[in-house]
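Keep in mind that this is a model prediction, so the values were computed, not measured. Here is how names work: the chains are called A, B, and so on, in the same order as the sequence lines, proteins then strands, and each is numbered from 1.
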Amino acid sequence: MFQFPKWMNGLKSALAVGLLAGPAYAVVVVLYGFSPQATDVGYQPVQPIPYSHALHVGKLGIDCRYCHTTVEDAAHAAVPPTQTCMNCHSQIQGRDDRQTANIKKIIDSHTTGKPVHWIRVHDAADFVYFNHAAHINRGVGCVSCHGRVDQMEVVYQQEHLSMQWCLDCHRNPGPHLRPPEFVTKMDWAPDRDPARLASDLAEQYQINPSTDCSTCHR
Amino acid sequence: MASIVHDRDNTIETPGRRAPLVTGGHDLHGVTEVVCRVAESRSAPGAWYLTMGVSAALLAALGAMIGYLFFEGVGVWGLNNPVGWGFDITNFVFWVGIGHAGTLISAILYLFRQKWRTGINRFAEAMTIFAVMCAGLFPGIHIGRVWLAFYLFPLPNQMAMWPNFRSPLLWDVFAVGTYFTVSLLFWYMGLIPDLATLRDRAKTKLSAFLYGLFSMGWTGSARHWHRYERAYLILAALSTPLVLSVHSVVSFDFATSVLPGWHTTIFPPYFVAGAIFSGFAMVVMLAIPCRALFGLKDLITLRHLDNMNKVILATGLMVGYAYTTEFFVAWYSGSAWELFAFKARAMGPWWWSYWIMFSCNVFVPQIFWFRWARTSIPVMLVVSVLVNVGMWFERFVIIVTSLSTDFLPSAWDTYWPTWVEAWTMAGSFGLFFFMFGLFCKFLPMVAISEVKAVLPHDAHAGGAGGHGH
Amino acid sequence: MSASTVTQKSTAGPATAPHTLVAEFASADALVRACEQVRNAGYTRWDAHSPYPVHGIDRAIGIRATRLPVLIFLCGATGTTIGVLLQWWTNAVNAGVQFPWVPTFLQGYNFIISGKPYWSFPANIPVIFELTILLSAFGAFFGMLALNGLPQHYNPLLRLDRFRRVTDDRFFISIGLDDPKYGSATRRLLEGAGAAAVEIADDVKESAPPRWFLRAHVMLACFLLIPLAVIAYMRVDKQSQPRIHIVQDMDNQERYTAGKQMANDVFADGRSARPKIAGTLAREDFTQDPHYYQGRVGDQWATGIPMYHPELQRLAGGAAEVNEQLMRRGRDRYAIFCSHCHGLDGAGAGRVATYVVQREIGFVPPKSYADPDVLVRPVGHLFNTITNGIRTMAPHGDQIPVADRWAIVAYVKALQRAQAATIEDVPTEQRSRMTQPK
């Protein structure tokens, strides 16, 4: 009749290791694999027109708010209408065929009245209330959430926009504060002791972010 | 061999004659034979196949209903506002309550040195585990978005959120989770020596491997037995307050709210008594066919059933007392809402469910004052079924009547289960009986080593009767 | 696969060696008496085996009370501690503020639920209790296994057919051949003590896991690396497809939001913001205040900033005249909406203008504000230019609110003034700084 082999007794320690390592492995997979850092960060949709933020913002120095006009007044940062593109591109039509072809899409949109279907990159969950104006006017720079857009040829999601990520800043806003006049300045760096500046700004603008449920889920 | 009373009626005990716990004159080997026969035979009674067939079909229905629920959402149930708990929580409380008898038998009776527990503790514990599985199912699926059930546990997550430990619903998670885990450990620990018995008698390689794997190389060593018995005793001591806490915590789900009919301090003891009441009824209900079908009448004797019927009578009286006290306090408190809630229970739209509950739980068990009823198989079968029906309705009455008519008449609404809820409930019985059927067939239904320890086999080792320990 | 098939590969079957002497007894009583004799003979490496715990055997063998209860108590105390700390940490501590060095996903979060206190001990008792019981039970079960050296699936005793009855109805004493006292007298001792039979159990000498067993585990380990590699890739990769959400939940709700860049099915062109219908006027177009909205007074361009308008006064901090605050606002807005073409100084050499002119893409650069044609334009004309554009400059009225346009106009006038500035314009006390070499 069946007998267990002697080497099975030696598996006891292996079993103990497995019992500890198995859950640890599961934790690692779930924590790192299911985290928005793995699933959400790096979303870089192909836009209908290859608009380059690196060129328009980085090289030409156009302010974020020239196009995203509502960001200081509204919850939502507007995506510009074709008219905004046409402010310049009615004259500038490209140097080579590729540029001309792309700019022609804007002109077509303008003449036909059919909007360009820009694809949204940063999209917090629908049950989250986020207000751009509240953050911009209190001195949270664009770069804190959107990354160095001025260096992105094609915009991608750099931050994970998870609840934990929101809480990180709501609990400790200091490192993300700057004088509000510099919010759109992508390469801004504090010119004095960052901790002092942070506490001064927090006091000046009465920054005491709430972590109540209803702050974001309303 | 000690003198053994060979008659089957071992329910009468006189000072001069200790009634035996095992009838039929079995010695050590006889006990092994009787129990192992079931697992070792290649076939099973026809009734077993029938039970497994029906319960497998119900289990499939349960799977289908849960799948449908996942797919469509809780809207497929009849729940509404204000009746946000219906069949789901009724079944949850019902099944958790059923489980309590198993722990009571295995732990509390063990601490009280009630040797008659050895005949029934194994399958009562199995019943506990399967009942708690059925119970755990319902809160799991009633949360609506089932895939978020992990929110119940304090796991680090991307939301940096933790459960609210100040809520009795979370206490429930810990109480039922601990209860299930500890019951499983207790049950499995008891099984180890008996699995070794099956291993040593195995006729096929597969059974030698499986029983051998789970008996973990048990050799009945005295040094092992020493630590084993100590661990078993301590587990019993731990399970005793645990089992009392579980239904207390379940009752807090209701009692800590402000709803009339729920917000009472009598709930914890009342729930625990009710749980033991229904659990013992379930044990009797299961024991009767099992002992007949699998030839265990010598180990699960009339005396065992008689004792359990006494417990049913006692706890039934406690439950009846609680029902009366609730009414008295509703009147005596001077709270108009409280009084209304109880009037609504007895005379409102669900008056029939209240009176099913009351008659099944309070009137029916009174028959057990008579010895002939306690030792009559048909009577106890009917009573145990009725008690389970009554206890199911008790939870239904508590949940639905209170929710449907709360403080604000404009918010009142009625509740009626949908076919999905009905089939889910039927399916939970399918799950229970399917698991229990598997257990009956493949695992030792009676704790072999424990019965051997109370056998009056070795007169010179420990004296006659129950003193063999 | 079983041991027998493994060992069949070797030439002479499993190599074995005598290991344990096993004596069988018919009753528990005989066992207890034999145990007393073995103990008295001074044996140390031996044990008794029985189908159920035999009363009095502990004393007969000389088994000391187990330390298991101590272990269980320690486990229970650990459970209590975990219960207290867990609830305190997760519900009562604002760890992000008090312990900012803790990773966010492990930080406590003291949110308020129905006004309950963060740390309310009565409400925390049930969970503390359950965890105490749970860990004690783990201690009892796993402690029992560990102290007993279980699981021990292979045991030389189990190789004996006779020994199988240990779980049925027979009682055994086993004495290891490595017991210092073991000798020829041992067998006699046991037989004298009433053993029904005495036999020696053999031990398998060598035993190694079969190759397939090891290989399977190496393969399993390799398979387990695949998810880790995928995760590592996911965290550095950029993907053009929408983010993966295993469970969509309510992340993307079926409602119309402008922010989603959704097409609106109601209108054929998909736009929800409707263009003006031909022949109609917007409220803004129909106004009794042409000065503020259009920069006109009667038939003429307005020559003054309409500071009477509350919106402009708001930008000026409540003042009814052009002041520094309004000028700063104008400078801000100018920087955002004008400077990339007109340049920060208004000379017409902004970065866009310079870039396109250098590349000869066919762009007419803007005139300098100091241009005599521009200098003479009244403010109403400048306002109209921002709103509706002029020549190749596009209208910016849709991008800039009315009051901001006036603020820009005020700032442009200041820029123009600055272009024609002399040393006389600098306050006397600061003139010396202007003339000093840097």
Next on the checklist: Just verifying a value: how many Å separate B:His29 NE2 and C:Arg170 CZ, rounded to the nearest 0.5 Å?
Outcome noted: 9.5 Å

Next on the checklist: Between C:Ile72 and chain B, with a heavy-atom cut-off of 4.5 Å, which part of the residue counts as in contact: side chain, backbone, both or neither?
Outcome noted: side chain

Item to check | Engaged part of C:Ser120 at the chain B interface, taking heavy atoms whose separation is under 4.5 Å | outcome: side chain

Item to check | Approximate separation, where rounding is to 0.5 Å, of C:Trp119 CH2 and B:Arg166 CZ | outcome: 10.5 Å

Checklist entry - With a 4.5 Å heavy-atom cut-off, do C:Met144 and B:Met189 have their side chains touching? => result yes

Next on the checklist: Heavy-atom pairs under 4.5 Å with chain C: which of B:Trp147, B:Phe209, B:Phe165, B:Phe174 has the most?
Outcome noted: B:Phe165

Checklist entry - Can you tell me how far OH of C:Tyr52 sits from OG1 of B:Thr118, rounded to the nearest 0.5 angstrom? => result 13.0 Å

Checklist entry - Where do C:Ser136 and B:Leu238 come nearest, in terms of heavy atoms and distance? => result CB-CD1, 3.4 Å

Next on the checklist: Please classify the contact between C:Pro126 and chain B as side chain, backbone, both or neither, with a heavy-atom cut-off of under 4.5 Å.
Outcome noted: side chain

Item to check | Side chain, backbone, both or neither of C:Asp58 within contact of chain B (heavy atoms, under 4.5 Å) | outcome: side chain

Next on the checklist: Quick check: closest heavy atoms across B:Ala231 and C:Ala140, and the distance to 0.1 Å?
Outcome noted: CB-O, 3.6 Å

Checklist entry - Short question: side chain of C:Asp47, backbone of B:His224 - any donor-acceptor pair under 3.5 Å? => result no

Checklist entry - For chain B, which of C:Phe105, C:Tyr109, C:Phe141, C:Tyr118 has the most heavy-atom pairs under 4.5 Å? => result C:Phe141

Checklist outcome for this item: Of the listed C:Ala95, C:Ser114, C:Pro117, C:Pro103, the one with the largest count of heavy-atom pairs under 4.5 Å with chain B is C:Pro117

Item to check | Side chain B:Lys452, main chain C:Asp168, donor-acceptor under 3.5 Å | outcome: yes

Next on the checklist: Less than 4.5 Å to any heavy atom of chain C: does that hold for the side chain of B:Arg227, its backbone, both, or neither?
Outcome noted: both

Checklist entry - Hey, which of B:Pro241, B:Ala196, B:Gly30, B:Gly220 has the most heavy atom pairs under 4.5 Å with chain C? => result B:Gly220

Next on the checklist: A quick test of your reading: do over 12 heavy atoms of other residues, nucleotides or ligands sit less than 6.0 Å from CZ of B:Arg223?
Outcome noted: yes

Next on the checklist: Set out, in order, the CA-CA distance, both residues' side-chain angles and the distance that settles side-chain contact (heavy atoms from CB on, under 4.5 Å) for B:Trp171 and C:Ile125, then state yes or no.
Outcome noted: CA-CA 9 Å; B:Trp171 307 344; C:Ile125 287 174; over 6 Å; no

Checklist entry - Given that the side chain runs from C-beta out, which part of C:Tyr154 has a heavy atom under 4.5 Å from chain B: side chain, backbone, both or neither? => result neither

Checklist entry - Between the side chain of B:Ser221 and the main-chain N/O of C:His49, is any donor-acceptor distance below 3.5 Å? => result no

Next on the checklist: Can you tell me how far apart CG (B:Asp194) and OG1 (C:Thr167) are? Round to the nearest 0.5 Å.
Outcome noted: 9.0 Å

Next on the checklist: Using a 3.5 Å distance criterion without hydrogens, assess whether the side chain of C:His153 forms a donor-acceptor pair with backbone atoms of B:Leu213.
Outcome noted: yes

Checklist entry - Using non-hydrogen atoms only, which part of B:Asn164 is less than 4.5 Å away from chain C: side chain, backbone, both, or neither? => result both

Item to check | Interface moiety of B:Pro168 toward chain C, non-hydrogen atoms closer than 4.5 Å | outcome: neither

Checklist entry - Who among B:Thr219, B:Ile234, B:Val182, B:Thr32 has the most heavy-atom pairs with chain C under 4.5 Å? => result B:Thr219

Checklist outcome for this item: If one checks every heavy atom of C:Leu106 against chain B at 4.5 Å, the contacting part turns out to be both

Next on the checklist: Within a 6.0 Å radius of atom CZ on B:Phe150, are there more than 12 heavy atoms belonging to other residues, nucleotides or ligands?
Outcome noted: yes

Next on the checklist: When you measure from the side chain of B:His226 to the backbone of C:Thr66, do you find a donor-acceptor pair of N or O atoms at a distance under 3.5 Å?
Outcome noted: yes

Item to check | Inter-chain contacts: residues 76-90 of chain C against chain B, heavy atoms under 4.5 Å | outcome: C:Leu86, C:Gln87, C:Thr90

Item to check | Region of B:Trp225 that comes under 4.5 Å of a non-hydrogen atom in chain C | outcome: side chain

Checklist entry - So, do C:Val166 and B:Asp200 sit near enough that their side-chain heavy atoms are less than 4.5 Å apart? => result yes

Next on the checklist: With a 6.0 Å cut-off (strictly less than), is the heavy-atom count around CZ of C:Phe73, excluding the residue itself, greater than 12?
Outcome noted: no

Item to check | Under 4.5 Å from any heavy atom of chain B - which part of C:Leu145 | outcome: side chain

Next on the checklist: Shorter than 4.5 Å, heavy atoms on both sides: which option in B:Ala222, B:Cys36, B:Gly217 has the most such pairs with chain C?
Outcome noted: B:Ala222

Checklist entry - In terms of heavy-atom pairs under 4.5 Å with chain C, which of B:Leu242, B:Val246, B:Leu235 leads? => result B:Leu242

Item to check | Heavy-atom pair with the smallest gap, counting every atom of B:Leu28 and C:Asp169 | outcome: CB-CB, 3.6 Å

Item to check | Over all atoms of both residues, closest heavy-atom pair of C:Pro51 and B:Ser449 | outcome: O-CB, 3.4 Å

Checklist entry - Which bit of B:Leu233 is near chain C, if near means a heavy-atom gap under 4.5 Å: side chain, backbone, both or neither? => result neither

